[in-house]
Amino acid sequence: IPKPKNIKKLRPKMQILQQTSGRIIQALEHLFQRLGKLVATYPFSVILATIFVSGLCCLGILNIRTESRGNKLWLAPDSNFNKRTDWLNENFKPNTRRNLYAFQAENILTPAALRSMYEVHKAVYNIDVNGQKFDDLCERVSIADIFQANKRRKRETNTSEEDDYVDDIWYGVYDEYEDYNETEIEFTGDRINFKKYSKKNTKTKDDEEAIDSLPVNIYCDLVNTLNSKCKESSILDIWRYKEDLINTATQQEIIDAVNLLERSPWFGFDKDYSRTLGGITRNSTGHIVAAKSELMVFILNFDDENVDISKGGGTEFVFVDETTLAWESKFIEIGLNSSTTTLNVMVDSPRSFSDISDETIFVDSKLMISGYIIMFIYTILMLGKIDFQEMRLYLTIAGLLCIAMGMGIAIGLSAALGYPYTPVNVILPFICLGIGIDDMFVLL
C-alpha cells in the first residue's frame, strides 16, 4: 500500500495528539495513585465521607416527581400530538371510556348465540366494585321526548276522540305513516312493536319552534328531569334486555328485527343494527340472513377530578380513577372466561393496552431480586474460596452496597435537578449491577 504523499505534514499533528494523550493518562494515573494512598491512610474517614456524600445526594429524592403519561414520555414536548392533546384536555377533557366485547360464531343471529350474549351481559351488570355497579358508573343518556309528549297532551285536551290515550311518550309519533302490514310479521304480545320502531324519527317544524323558544335554563331543567338509561349498544336492546323475551326469541324473529327495525325499542332513538354486525350474509333481495360477529359496547363515565396520574405505567394517554380501573379489570376477566366451543368472545378495553404494555416494560421484582442473589453468590465464589478464612463475604457485601449507593446518588441528583422518574428508570438496577460487579473484578 503506497504511503500518502502528505504523510510528512501529518506527523507533527500526530505527535501532538500522542503527547497530549500521554499527559492525560499520566495525570489520571497520578490522581488515582494519590486517591489510593488517601484511602489506605484514612480508611474510616473516607468511608464516613462517602456515606455522608451519598446520603446528601439521596436527599434529592424528596423532590422526586414521576411522569407516566405516555405522550409526555415517548413524544417530543412540541409535537403536534402533544399540543393538540393539551388543548383538548383543557377545553374538552375526556370523561368516558368505551369497553366492548366482540362475539364471533358461525352464525351470531341464532337463539343460542343470543342467550349466550345475554349471559355475558348479565355478568357485566353484576360486576361490583366497592358497592358500585355498571348502573352507577355508566354514561347515561336521556330517553324521553318532552316536546312530543307535550304536543300529545295538548292534542288530547283539544279533542274528545283520543279516549284511548296511552302513557307512552312515543305514542302517535308515526301516525302519519302508512299502517304496517302486521300479517307479514308475527309476534306474541308485547315482544317487539315492529309498527312503532320500523320507522325513523322525524322532527317537525313545531318541535324546532318549541326548542328555539325555550330559555336555556328552562330547557336544561326539563332535560334534567327526564329518565335516563346506561349508554350501551347491542342487538339485545331489541328485546329491551328482558330475559324471558331473549330466551324465547326465535330465529325468524331475530332476522326480522335486524332487517326491519330502524329505531331502538330500548332507547327510542334511530339505530341501524347492521352496523354492529360483521361478516354479514344477505339473500338475493339484500336482506340480512346471517352474520358471523356482533359488538356489545358499554360506556363508562369516570370522575376526571379524582385521578392520580402518578400511578400510570408510562403507556396511558387517558387516566381514570381506581374504581373504573377495577371495573375494567373484572370486565376483561369476564370476557376472557366466556368463550365456548361455539361462541368466541374477544375483549377490547382501554385498560387492555396498558396492562399488556406494563407487563413488557416493567421489571418483575422477583426476577430483579433473584438476579442480585445470583450475582452475590457468583462474586463470593470468584473473589475467594469456599472456606471461612478466604471467603470474601464482606467484600462482596461492600461492593453491592456501593452499587446501591450509586443508584441513590443518580436518582437523588436527577430529582434535585428537576428530572422526572419514568418507567424507563426501572432498568437502572440491572445496569448498575452489571457495571458495578465488573468494576469490582477490575479493581480487585
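Predicted model, so just to flag it, every value in this text is computed and none were measured.
With sequence neighbours left out, K122 forms a salt bridge (Lys or Arg N to Asp or Glu O under 4.0 Å) with E119, E243. Partners of N283 according to the side chain to side chain donor-acceptor pair (under 3.5 Å) rule, which considers only residues two or more places apart in sequence or in another chain, are T285. Under the salt bridge (Lys or Arg N to Asp or Glu O under 4.0 Å) criterion, K231 pairs with no residue at all, not counting sequence neighbours. Residues that satisfy the side chain to side chain donor-acceptor pair (under 3.5 Å) test with Y118, not counting sequence neighbours, are absent from this structure. Residues passing the side chain to side chain donor-acceptor pair (under 3.5 Å) test with E328 are R97, N99, sequence neighbours excluded. Every residue two or more places apart in sequence or in another chain was checked for a side chain to side chain donor-acceptor pair (under 3.5 Å) with T110, and none qualifies. Qualifying side chain to side chain contact (heavy atoms under 4.5 Å, CB included) partners for L137, counting only residues two or more places apart in sequence or in other chains: Q132, L300, T323, W327. Applying the disulfide bond (SG atoms under 2.5 Å apart) rule to C432 yields no partners; only residues at least two apart in sequence or on another chain are considered. In this structure C58 satisfies the disulfide bond (SG atoms under 2.5 Å apart) test with no other residue, sequence neighbours excluded.
Contacts classified as disulfide (SG to SG under 2.5 Å) and involving residues 234-263 (residues at least two apart or in different chains) are not found. Residue pairs meeting the ring-ring contact (aromatic ring centres under 6.0 Å, His included) criterion with at least one partner in residues 394-416, sequence neighbours excluded, are absent. The stretch residues 417-434 participates, sequence neighbours left out, in no salt bridge (charged side-chain N to carboxylate O under 4.0 Å, His left out) pair at all.
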